[in-house]
Amino acid sequence: MTRRLVLVGGGHTHALLLHAFAENPLPDTCVTLLSNVEAAPYSGMLPGHVAGLYSYDEMHIDLPALCNAAGAEFIRSEVTGFDPESRVLRNAGGTSHDLSPDFLSFNVGSVPKRKGVPGADEHAIPSKPVPDLLEGWRSLLARESPGKIAVIGGGAGGVELTLAMQSQLPKGSEFIIVHANETIMNGHNDRVAKILTRLLAERGVELLLGRRCVEVTPGRIVMEDGAEVSADTVFWVSQPSPPDWLSETGLALSEKGFLRVRPTLQTIDHPWIFAAGDVAAIEGKSLPRSGVYAVRMAKPLEANLRTSLAGESLKEYDPQERILSLIGTADEKAVASWGPLSFRSSSMWAWKDRIDRKFMQQFEEART
Ligand SMILES: Cc1cc2nc3c(=O)[nH]c(=O)nc-3n(C[C@H](O)[C@H](O)[C@H](O)COP(=O)(O)OP(=O)(O)OC[C@H]3O[C@@H](n4cnc5c(N)ncnc54)[C@H](O)[C@@H]3O)c2cc1C
């Protein structure tokens with residue numbers, strides 16, 4: 001009997017999963033990918049693309065071609081609703097996908113948290129979805145005079161993106177990073193924060209720490225205490241939050257609204273539904289939302305889908321507690337952050353570049 005596996009979202013985990021199916025197809029299974037984009041951005045190369053170091057094609061995975069190599073069906077669709085009882089998925093146009101999946105997996109990523117901040121939706125450019133970020137970046141690049149740019153969020157994404165954008169804009173464009181905590185790069189060791197704070201100062205980026213932006217108006221951002229800062233363009237790169245529509249699916253959600261999954265990556269109430277990457281909150285673990293984990297979840301997801309289809313028992317994914325982060329500084333150098341260790345050098349950038357190019361190369365090879 002042929003079963004159907006539906007993958008929602010072509011994030012890092014599903015891209016690798018499809019790559020694995022291209023090499024070793026799932027027996028007796030029709031695989032369908034529903035994705036709102038044909039070209040899936042690879043986060044590791046995103047700041048490098050903004051810094052002019054990688055082309056658009058170099059940092060995007062061609063999902064229809066990957067599906068073709070994997071013998072899977074590709075459907076362009078922005079999923080905005082799902083009912084686990086009827087197993088019906090709905091898209092943004094209100095149409096239902098009558099796919100009757102036997103197994104389903106979500107890998108739809110996250111969006112920066114800006115709910116309840118007046119003006120943020122209308123006047124700030126979000127870091128996700130990536131196509132929106134790149135569109136905002138391109139229109140800023142096209143301006144004769146970029147003026148003052150505010151980046152809300154001083155985590156790795158905000159800092160790396162700031163350095164990348166600054167490297168491409170004319171001298172005289174001003175940057176300010178607004179961050180709610182007293183130090184940038186939370187979740188990394190103190191030395192990482194020190195290295196990057198010093199570098200931002202050297203490059204003339206202003207830091208507004210311990211302050212929260214509570215409103216965005218055209219030309220201004222407003223702080224909690226009512227203070228206003230002028231900003232011609234605002235990029236919103238704050239904490240990741242889940243897509244809104246998940247809250248109406250009836251699936252069990254974590255306190256922050258992500259999909260609650262067991263260490264087997266199965267949702268806690270529906271063993272036939274899986275989730276991986278940023279959208280998944282693994283019970284008992286508190287993992288940072290990072291592309292590295294989304295990549296690492298591909299192998300356990302593949303293994304557990306295969307064992308589920310065979311009716312065998314599933315294995316738990318045991319994530320590494322420490323991961324190596326390599327943060328590019330837009331000058332062909334990178335800061336390495338691993339547990340208590342950190343340093344910045346050209347060899348760290350060369351290493352990051354090798355890892356990222358190798359990651360993308362495998363999708364090219366799958367097509368040929
Ligand atoms: C500026 C910036 C830089 C970053 N740099 C790094 C880095 O260098 N290294 C690192 O490890 N992490 C980095 N991150 C974090 C990283 O982007 C995420 O952790 C990672 O992308 C999560 O991968 P994912 O597979 O869960 O989802 P994603 O990569 O976000 O992929 C989700 C996919 O699902 C699709 N999708 C979304 N919603 C729907 C829907 N409703 N219907 C259909 N399709 C949908 C999207 O189009 C997308 O293709 C960065 C983040 C930012 C904001």
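First listed ligand is number 1; within each ligand, the first listed atom is number 1. Position 1 is the first residue of the sequence, and the numbers go up from there.
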Participant: Taking the minimum heavy-atom distance to atom 34 (O) of ligand 1, which of Asn107, Leu326, Val37 ranks first?
Facilitator: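 Nearest heavy atom to atom 34 (O) of ligand 1 lies in Asn107.
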Participant: Are Glu58 and Arg357 within salt-bridge range, i.e. N to O under 4.0 Å?
Facilitator: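 Salt bridge between Glu58 and Arg357, a charged N being under 4.0 Å from a carboxylate O: yes.
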Participant: Counting heavy atoms only, which part of Arg289 comes closer than 4.0 Å to ligand 1: side chain, backbone, both or neither?
Facilitator: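 For Arg289, only backbone atoms sit under 4.0 Å from ligand 1.
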Participant: Salt-bridged, Asp28 to Arg4, with N to O below 4.0 Å?
Facilitator: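 The answer is no: the pair does not qualify as a salt bridge.
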Participant: Counting non-hydrogen protein atoms only, what is the nearest one to atom 37 (C) of ligand 1? Give residue, atom name and distance.
Facilitator: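 The protein heavy atom lying closest is Val108 O, 3.2 Å.
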Participant: Determine, using heavy atoms of Ser77 and all atoms of ligand 1, whether some pair is separated by less than 4.0 Å.
Facilitator: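 Yes, that is the case, since the closest heavy atom of the residue is under 4.0 Å from the ligand.
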Participant: Please report whether ligand 1 has a polar contact with Ser35, defined as an N or O pair separated by less than 3.5 Å (distance criterion only).
Facilitator: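 Checking ligand 1 against Ser35, no N or O pair falls under 3.5 Å apart.
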Participant: Please confirm whether Ser110 comes within less than 3.5 Å of ligand 1 when only nitrogen or oxygen atoms on both sides are compared.
Facilitator: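 No, Ser110 has no N/O under 3.5 Å of an N/O on ligand 1.
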Participant: I need the nearest protein heavy-atom contact for atom 36 (N) of ligand 1: residue, atom name and distance, please.
Facilitator: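 Its nearest protein heavy-atom neighbour is Asn36 OD1, 3.4 Å.
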Participant: Identify the protein heavy atom lying closest to atom 51 (C) of ligand 1, giving its residue, its atom name and the separation to 0.1 Å.
Facilitator: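 Protein heavy atom with the smallest distance to atom 51 (C) of ligand 1: Lys128 CE, 4.4 Å.
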Participant: Looking at atom 2 (C) of ligand 1, what's its closest protein heavy atom, distance included?
Facilitator: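 Going atom by atom, the protein heavy atom closest to atom 2 (C) of ligand 1 ends up being Gly157 CA, 3.9 Å.
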Participant: Check for a donor-acceptor pair, side chain of Arg262 on one end and backbone N or O of Ile268 on the other, with a separation under 3.5 Å.
Facilitator: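 Checking the backbone N and O of Ile268 against the side chain of Arg262, a donor-acceptor pair under 3.5 Å is found.
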Participant: Taking the basic N atoms (NZ, or NE/NH1/NH2) and the acidic carboxylate oxygens, is any pair closer than 4.0 Å for Lys352 and Asp356?
Facilitator: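 Yes.
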Participant: Counting heavy atoms only, which part of Ser290 comes closer than 4.0 Å to ligand 1: side chain, backbone, both or neither?
Facilitator: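 The part of Ser290 near ligand 1 is both the backbone and the side chain.
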Participant: Who's the nearest protein heavy-atom neighbour of atom 33 (C) of ligand 1, and how far?
Facilitator: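 Going by distance alone, atom 33 (C) of ligand 1 is nearest to Gly11 N, 3.6 Å.
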Participant: When you compare ligand 1 with Gly291, is there at least one nitrogen or oxygen pair between them that comes in under 3.5 angstrom?
Facilitator: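 By distance alone, the answer is yes.
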Participant: Side chain, backbone, both or neither: which part of Trp245 has a heavy atom under 4.0 Å from ligand 1?
Facilitator: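 It is the side chain that gets close, since no backbone atom is under 4.0 Å.
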Participant: With heavy atoms under 4.0 Å as the rule, classify the contact between Leu133 and ligand 1 as side chain, backbone, both or neither.
Facilitator: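 Neither; nothing of Leu133 gets under 4.0 Å from ligand 1.
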Participant: So His49 and Tyr56, would you call those rings parallel, tilted or perpendicular, with 30° and 60° as cut-offs?
Facilitator: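 Perpendicular, since the angle between the ring planes exceeds 60°.
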Participant: Distance to 0.1 Å, residue and atom name: give those for the protein heavy atom nearest to atom 5 (N) of ligand 1.
Facilitator: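 Closest protein heavy atom to atom 5 (N) of ligand 1: Ser43 O, 3.5 Å.
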Participant: Against Leu196, only a single residue in Glu160, Arg191, Arg344, Met185 fulfils side chain to side chain contact (heavy atoms under 4.5 Å, CB included); can you say which?
Facilitator: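 In the set Glu160, Arg191, Arg344, Met185, the residue that makes a side chain to side chain contact (heavy atoms under 4.5 Å, CB included) with Leu196 is Met185.
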Participant: Which word best sums up how the rings of His12 and Tyr42 line up, parallel for under 30°, tilted for 30 to 60°, or perpendicular for over 60°?
Facilitator: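 Tilted, since the angle between the ring planes falls between 30° and 60°.
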Participant: Please determine whether a side-chain nitrogen of the Lys or Arg among Asp244 and Lys115 lies less than 4.0 Å from a carboxylate oxygen of the Asp or Glu.
Facilitator: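 Yes.
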Participant: Cation-pi check for Phe258 against Arg289: NZ or CZ below 6.0 Å from the six-membered ring centre and within 45 degrees of the axis, yes or no?
Facilitator: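 Checked: cation-pi criterion met.
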Participant: For ligand 1, find out whether one of its N or O atoms is nearer than 3.5 Å to an N or O atom of Val292.
Facilitator: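 N/O-N/O distance under 3.5 Å: yes.
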Participant: Atom OG in Ser308, atom CG in Leu314: separation rounded to 0.5 Å?
Facilitator: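 If we round to the nearest 0.5 Å, Ser308:OG and Leu314:CG are 4.0 Å apart.
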Participant: Any Lys/Arg nitrogen of Arg211 or Glu224 sitting under 4.0 Å from an Asp/Glu carboxylate oxygen of the other?
Facilitator: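 Salt bridge flag = no for Glu224 with Arg211.
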Participant: State the atoms of ligand 1, each with its element, that fall below the 4.0 Å cut-off from a heavy-atom position in Ser127.
Facilitator: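 Reading through ligand 1 atom by atom, the close ones are 53 (C).
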Participant: Tell me whether the guanidinium CZ or amine NZ of Arg87 lies under 6.0 angstrom from the six-membered ring centre of Trp272 and within 45° of its axis.
Facilitator: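 That pair qualifies as a cation-pi contact.
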Participant: Would you mind listing which atoms of ligand 1 come within a distance below 4.0 Å of any non-hydrogen atom of Gly277?
Facilitator: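 Checking each atom against Gly277, I get 26 (O).
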Participant: Give me the nearest non-hydrogen protein atom to atom 41 (N) of ligand 1 as residue plus atom name, then the distance to 0.1 Å.
Facilitator: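 Here the closest protein heavy atom is Val79 O, 2.7 Å.
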Participant: Looking at atom 26 (O) of ligand 1, what's its closest protein heavy atom, distance included?
Facilitator: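 Here the nearest protein heavy atom works out to Asp278 N, 2.8 Å.
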